[in-house]
Protein chains: 2
Amino acid sequence: MSVRVVVADDQTVVRDGLVTLLKLLPGIDVIAAASDGREAVELVAEHDPDVLLVDLRMPAMDGVEATRRVRADHPRTEVVVLTTYSDDDSVLTALRAGARGFLTKDADAESIGRALQAAAAGQSIVDADVQRRLIEGTTKRVEASVSGLTPREVEVLRLIAEGLSNTEIARHLVVSEATVKTHINHLFAKANLRDRAQAVAYAYRLGLA
Amino acid sequence: MSVRVVVADDQTVVRDGLVTLLKLLPGIDVIAAASDGREAVELVAEHDPDVLLVDLRMPAMDGVEATRRVRADHPRTEVVVLTTYSDDDSVLTALRAGARGFLTKDADAESIGRALQAAAAGQSIVDADVQRRLIEGTTKRVEASVSGLTPREVEVLRLIAEGLSNTEIARHLVVSEATVKTHINHLFAKANLRDRAQAVAYAYRLGLA
DNA sequence: CCGGATCTCAACCCCAGGGTTGACTCTCAG
DNA sequence: CTGAGAGTCAACCCTGGGGTTGAGATCCGG
């Protein structure tokens with residue numbers, strides 16, 4: 001029984017290449033090809049394939065989101081991610097989203113076929129690099145030091161991270177709201193933040209909260 | 001070119017079974033069989049195989065230590081671990097020690113063959129359970145406590161926590177901005193949040209980011 | 001004593017974001 | 001078949017937050 005596969009890649013060359021490549025492999029049936037994530041999800045719903053082979057970076061909907069959708073709506077269909085860069089951060093995200101396998105685009109036909117077969121059989125194939133990163137865990141946690149920020153700015157950042165509004169922060173620090181806004185603007189500029197939501201994330205990553 | 005394999009298992013039945021099983025597979029050559037870890041290391045040194053298929057629990061030298069030795073002294077030889085219990089703690093240890101793949105003893109012949117081929121090609125095959133455990137190791141607390149929120153709301157919350165604006169979230173989920181705002185309003189009401197800054201903090205405490 | 005950094009404050013503009021209401025569709029359990 | 005929940009979308013209002021400029025007060029090191 002052949003493994004039924006849907007391919008999704010926005011680059012025509014890659015997509016067509018994959019399709020013709022996979023068609024030559026025994027035990028692999030390419031039943032559809034999508035050019036973006038949205039279409040990929042639709043085709044999965046339509047054809048109920050064994051495996052979705054999906055690129056990470058795509059317009060309309062990226063591979064991570066497509067993976068999440070497919071795993072949520074069609075748990076029978078396994079997802080194998082294909083990407084250009086093995087050190088892409090979203091690789092881990094994709095695996096957490098439920099991707100079964102992971103391949104780089106320089107993989108040869110046999111490797112791809114093997115990964116598809118494995119995924120269909122419930123096994124999981126990942127690239128050596130990714131495996132190492134998984135095993136070592138997220139120990140990379142960078143030391144994005146708080147340096148550059150003045151004590152007052154750090155203070156304000158912490159309060160932002162607690163969900164306080166500007167007026168609340170002003171009351172808390174016993175200064176005017178204008179002052180708070182000034183600190184916040186400096187802080188945003190220094191840390192390259194757009195709004196307080198990003199600031200909260202920043203603070204949490206720094207371990208301020 | 002066939003993949004040259006050395007098998008190591010202390011149980012005679014399993015060992016002989018594996019050998020005969022693997023000999024039936026195309027592209028696999030079993031060139032030696034060991035009954036403990038010490039012997040396995042010796043046979044690897046002697047035959048320089050592509051892959052060592054090794055049981056975790058063995059007398060004289062267990063699979064983890066054998067893996068470490070082989071990876072240190074014969075980096076050309078990949079190691080695939082075979083064991084009875086997928087929840088064995090030493091599984092992670094073995095992977096850290098440099099094992100390329102991981103199989104349970106209820107794997108069928110094709111799965112084993114695939115894992116050996118993959119290992120020889122530099123890929124890594126792991127059992128689904130093990131993959132899940134590896135991934136959970138890198139994530140924080142599970143999102144089980146996100147009770148009350150619908151999947152879509154959780155999705156939106158995660159994206160908020162990444163610092164995305166409403167328009168960006170809409171683009172990402174391929175819906176209109178109005179829909180995003182609706183989800184956000186529901187989400188805020190349920191979780192008793194005032195603005196997205198508090199939402200980010202909430203998400204981080206839940207381990208969503 | 002001067003320059004720089006920090007902290008403070010004000011007035012202004014503008015829009016993203018949050019609140020509200022209402023509506024259409026689909027699915028699924030009862 | 002019906003009602004509830006989920007997801008989708010639109011129109012409206014209005015405040016808070018972010019951007020900008022400019023400026024006075026304090027402190028410290030060179």
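Order of the sequence lines sets the chain letters (A, B, ...), proteins ahead of strands, with each chain counted from 1.
Nearest to the side chain of B:Phe188, among D:dG18, C:dG18, C:dT8, sits C:dG18. Checking D:dC9, C:dT8, C:dG18 against the side-chain heavy atoms of B:Lys181 singles out C:dG18 as nearest. Relative to the side chain of B:Asn185, the nucleotides C:dT20, D:dG18, D:dG17 differ in distance, and C:dT20 lies closest. In the set D:dG7, D:dC12, C:dA10, D:dG7 carries the atom at the smallest distance from any side-chain atom of B:Pro151.
For the OP1/OP2 pair of D:dG18 and a distance below 4.0 Å, the side-chain nitrogens and oxygens of A:Arg196 include at least one atom meeting the criterion. Between B:Arg152 and D:dT8, a side-chain N or O to OP1/OP2 separation shorter than 4.0 Å is present.
B:Glu155 has no carboxylate O lying under 4.0 Å from a charged side-chain N of B:Arg152, or vice versa, which leaves the two without a salt bridge. A salt bridge does not link B:Lys23 with B:Asp29: none of the charged nitrogens is closer than 4.0 Å to a carboxylate oxygen. For the pair A:Glu42 and A:Arg38, the salt-bridge criterion is met [side-chain N within less than 4.0 Å of a carboxylate O]. Salt-bridge annotation for A:Glu65 and A:Arg69: present, with a side-chain N of the basic residue lying under 4.0 Å from a carboxylate O of the acidic one.
Counting any heavy atom pair closer than 4.0 Å across all strands shown, A:His183 reaches a base atom. Nucleic acid contact for B:Asn166: sugar-phosphate only, since backbone atoms but no base atoms lie under 4.0 Å from a heavy atom of the residue. Base engagement by B:Thr179 is indicated by at least one non-hydrogen atom pair under 4.0 Å involving a base atom.
A donor atom on one side chain and an acceptor atom on the other are found under 3.5 Å apart for A:Asp108 and A:Ser111.
With hydrogens and angles left out, the side chain of A:Thr150 and the base of C:dC7 share no donor-acceptor pair within 3.5 Å. Contact annotation: side chain of A:Thr182 to base of C:dC7, donor-acceptor pair absent below 3.5 Å.
The CG-P distance, from A:Asp73 to C:dT27, rounds to 12 Å in whole Å. In this structure, A:Arg69 atom CZ and D:dA6 atom C1' are separated by 14 Å, rounded to whole Å. Rounded to an integer number of Å, the gap from A:Glu177 CD to D:dT15 P is 14 Å.
Sequence order on DNA chain C of the closest nucleotides to B:Asp195 and A:Val174 puts A:Val174 first from the 5' end. A residue-by-residue look at B:Glu153 and B:Ala178 shows that B:Glu153 has its nearest nucleotide of DNA chain D further toward the 5' end.
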